[in-house]
Amino acid sequence: MALITQTYLSLLSFWSTLMARTGNKNIQAKLVLLGDMGTGKTSLVLRFVKGQFYDYQESTIGAAFFTQILSLNEATVKFDIWDTAGQERYHSLAPMYYRGAAAAVVVYDITSMDSFIRAKRWIQELQRQGDHCFLTILFIDLLGNPNLVMVLVANKTDLETKRKVETEEGERYAQENGLLFIESSAKTAQNVNELFYEIAKRLAKACPMPPTGIKLHNETQGGRRLFCCTG
Amino acid sequence: MFGTQSRREISHEFQPSMQYWKPSIHTRRANIVVKFQDLYGFTVEGNVDDVNVLNEVREKVRQQGRVWWALEASKGANWYLQPQISSISESVASLKLSSVANSIVLKRLIRKGIPPILRPKVWLSVSGAVKKRSTVPESYYNDLISAVEGKTTPATRQIDHDLPRTFPGHPWLDTPEGHASLRRVLVGYSFRDSHVGYCQGLNYVAAMLLLVMKTEEDAFWMLAVLLENVLVNDCYTPNLSGCHVEQRVFQDMLAKKCPRIAAHLEDMEFDVSLVATEWFLCLFSKSLPSETTMRVWDVLFYEGAKVLFHVALAIFRVKEEELLMTSQIGDIISILQRTTHHLYDPDDLLTVAFDKLGSMTTNAITKERKKQEPAVMAELDQRLRRLNSIKVDDESPSVSPVAPR
Ligand SMILES: Nc1nc2c(ncn2[C@@H]2O[C@H](COP(=O)(O)OP(=O)(O)OP(=O)(O)O)[C@@H](O)[C@H]2O)c(=O)[nH]1
Ligand SMILES: [Mg+2]
């Protein structure tokens with residue numbers, strides 16, 4: 001614990017000097033995507049990271065990892081993205097991927113009511129994780145993150161004719177639970193970049209008191225190296 | 001009649017071509033990325049070096065074939081089939097001697113690779129699939145398939161959803177015929193073991209089996225023997241408990257066999273199961289080039305699930321120095337991905353896996369599994385209870401015990 005605090009403080013002091021020098025923030029943030037199988041998690045990430053879309057996207061096993069950098073006026077955000085597998089039985093793997101995340105994107109498919117129900121359960125689980133961690137705030141570094149930015153995403157808006165979950169329904173649930181809400185289509189690219197920009201903005205606002213999952217780092221030196229030298 | 005369907009030879013649209021692809025002087029100069037089909041019809045994107053490696057691998061496959069033919073010529077066509085100890089009057093001692101000798105030869109031979117053309121026969125035999133099938137009536141598979149036709153379950157719905165998402169773009173798998181074959185195998189299995197039902201990942205495994213085996217029915221039996229005999233129990237069941245156990249065993253082994261990497265990854269708070277879960281569930285079929293995957297499976301079917309540990313450790317070992325230099329999780333993952341995708345020469349991987357890591361006995365692994373099991377079960381149980389508590393009382397969240405790992 002002492003070690004963690006120490007490195008943390010030296011990191012902060014290093015950060016202030018960097019801030020003073022550059023006047024800009026570099027934020028590294030872990031982002032996790034959760035949601036039922038086939039809701040379009042991988043497609044959303046691929047659209048964001050590579051600008052690609054496939055009508056038939058391979059199902060994800062375990063999880064896939066991507067990175068992408070977004071430059072805002074106020075900060076540069078480097079996303080470490082974990083795109084998880086959606087099948088119910090992979091649920092037991094999820095904590096490994098969402099642990100320590102700065103942002104969680106919970107996706108449902110507007111043509112499937114089941115996927116919406118599943119999304120709500122994910123959100124409850126994440127919130128519970130948050131409560132739980134709040135109570136053990138001292139160990140926050142090892143567990144979860146009460147400042148988690150959560151977004152509820154209603155995907156596949158291009159399939160309007162097959163819609164089963166009304167916009168208001170998703171919106172209301174998000175409002176009640178204090179989540180961001182976005183309707184998107186990985187296929188047409190509608191709102192995909194907006195989704196990630198919105199998250200980046202929230203993260204930038206939350207800094208420079210970094211919650212877990214956000215590591216401030218210097219591009220040339222690398223975050224971990226810094227930990228090693230000063231810790 | 002439905003009956004004939006499964007016996008029909010699977011007619012792959014693509015013919016595994018043994019043609020060499022000769023890069024022209026221009027492509028060599030420009031170091032252009034080229035696209036071509038590999039032995040199993042998968043599109044490979046690589047540079048000229050990759051093409052050269054693949055051509056060498058084809059040549060090696062051919063040479064290895066000649067070794068097998070020579071042995072067949074001297075020992076008889078079915079020398080490697082499980083010895084049938086049918087008549088006790090036979091000289092048991094000499095039978096034992098020759099079968100021990102054969103099994104030593106066979107082990108070495110299989111580690112060097114089974115010729116693609118012999119795979120169906122050898123896999124069925126050494127894995128125990130033939131034996132498994134012999135315990136049920138001949139018509140088992142066809143009866144099963146006709147009995148479940150038209151039935152809808154959560155498993156069949158998920159299978160239908162995944163058919164076009166299994167190696168999309170493959171010249172045979174991604175055709176109506178390929179989808180129908182894959183569907184029958186997966187749906188059939190989901191009824192054979194309704195506890196497993198359908199687990200994502202099995203689609204890739206079954207698809208590769210269909211590409212290798214001569215008939216759909218043989219692919220089905222290979223899938224059955226894999227899940228029921230070769231792999232650890234409960235790998236694909238609803239809480240994936242077997243898979244969790246394997247991951248812990250793997251972590252433990254990495255610490256023993258590659259202590260420097262293990263320590264470095266731990267410093268970086270990188271859990272190896274973040275990447276290894278997919279390797280174990282898809283048996284590397286989504287990560288390694290197809291012939292390399294098949295070489296891993298050759299050994300897997302003969303030597304058992306310990307092979308997965310050998311191979312996973314070898315992947316870390318071949319990039320040890322590079323991995324030790326990383327300071328970002330993203331770098332670790334991209335090194336591992338780049339490495340696995342480019343392991344076109346199976347021997348580069350298998351030599352490390354079987355000659356450079358020291359021995360790992362199945363017994364030791366079984367012991368380690370036993371040791372990890374209680375913790376895994378307790379963790380899964382705790383998580384389940386917490387999830388249930390979310391469902392029943394949404395209003396007043398109670399404090400739950402310490403989170404798992
Ligand atoms: N029409 C339409 N189809 C989409 C959209 N997003 C994804 N899809 C399709 O839906 C299917 C599933 O998409 P994926 O991105 O693989 O879904 P996933 O959530 O990653 O699924 P798992 O990996 O199985 O958990 C694919 O065939 C996609 O092409 C969308 O916005 N519109
Ligand atoms: Mg996916």
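Reminder, nothing fancy here: chain letters follow the sequence lines and each chain counts from 1.
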Distance alone, cut at 3.5 Å: any donor-acceptor contact between the side chains of B:Tyr204 and A:Ser59? yes
To the closest 0.5 Å, what do you measure between CG (B:Leu380) and NE2 (A:His91)?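 It is 11.5 Å, given to the nearest 0.5 Å.
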Interatomic spacing from OG1 in B:Thr277 to CE in A:Met96 - rounded to 0.5 Å: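 Going from the OG1 atom of B:Thr277 to the CE atom of A:Met96 covers 4.0 Å.
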I'd like to know if A:Glu58 and B:Lys286 make a salt bridge, using a cut-off of under 4.0 Å between side-chain N and carboxylate O.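 Counted as a salt bridge, because a side-chain N and a carboxylate O are separated by less than 4.0 Å.
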Most heavy-atom pairs under 4.5 angstrom with chain B, which of A:Ile61, A:Leu93, A:Thr67? A:Ile61
Using a cut-off of under 4.5 Å on heavy-atom pairs, state which of A:Gly62, A:Ala64, A:Ala85, A:Ser92 scores highest against chain B.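 Of A:Gly62, A:Ala64, A:Ala85, A:Ser92, A:Ser92 has the most heavy-atom pairs under 4.5 Å with chain B.
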Please name the pair of heavy atoms, one in A:Gly38 and one in B:His161, separated by the smallest distance, quoted to 0.1 Å.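 Scanning both residues completely, I find the closest heavy atoms to be CA-CE1, 3.5 Å.
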Could you tell me which non-hydrogen atom of A:Thr60 sits nearest to which non-hydrogen atom of B:Gln200, and how far apart they are? O-OE1, 4.0 Å
Please determine, among B:Pro168, B:Gly169, B:Ser334, B:Cys243, the option with the most heavy-atom pairs under 4.5 Å with chain A.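 Looking at each option in turn, the highest pair count goes to B:Pro168.
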Top contributor to chain A contacts, counting heavy-atom pairs under 4.5 Å, from B:Thr237, B:Thr166, B:Leu384: B:Thr237
Is it true that a side-chain atom of A:Arg89 and a backbone atom of B:Tyr236 form a donor plus acceptor pair closer than 3.5 Å? yes
Would you confirm whether A:Tyr56, through its side chain, and B:Asp162, through its main-chain N or O, come within 3.5 Å as a donor-acceptor pair?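 A pair under 3.5 Å: no.
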Measure [X] against the heavy atoms of chain A and call it side chain, backbone, both or neither at under 4.5 Å.
| X | value |
| --- | --- |
| B:Asn203 | side chain |
| B:Cys199 | both |
| B:Ser241 | neither |

Tell me, with the steps shown, if A:Phe65 and B:Leu274 meet side chain to side chain contact (heavy atoms under 4.5 Å, CB included). CA-CA 9 Å; A:Phe65 181 83; B:Leu274 291 169; over 6 Å; no
Check against side chain to side chain contact (heavy atoms under 4.5 Å, CB included), B:Leu387 and A:Gln124: CA-CA 9 Å; B:Leu387 289 177; A:Gln124 286 169 337; over 6 Å; no
One pair to check against side chain to side chain contact (heavy atoms under 4.5 Å, CB included): B:Gln328 and A:Lys78. What are the steps and the verdict? CA-CA 12 Å; B:Gln328 299 270 321; A:Lys78 179 172 178 234; 3.3 Å; yes
Do other residues, nucleotides or ligands put more than 12 heavy atoms under 6.0 Å from the CD atom of A:Gln175? no
Restricting to side-chain contact (heavy atoms from CB on, under 4.5 Å), what partner residues turn up for B:Gln158, sequence neighbours left out? A:Met37, A:Gln87, B:Tyr198
Does any backbone or side-chain atom of A:Tyr90 lie under 4.5 Å from a heavy atom of chain B? Answer side chain, backbone, both or neither. both
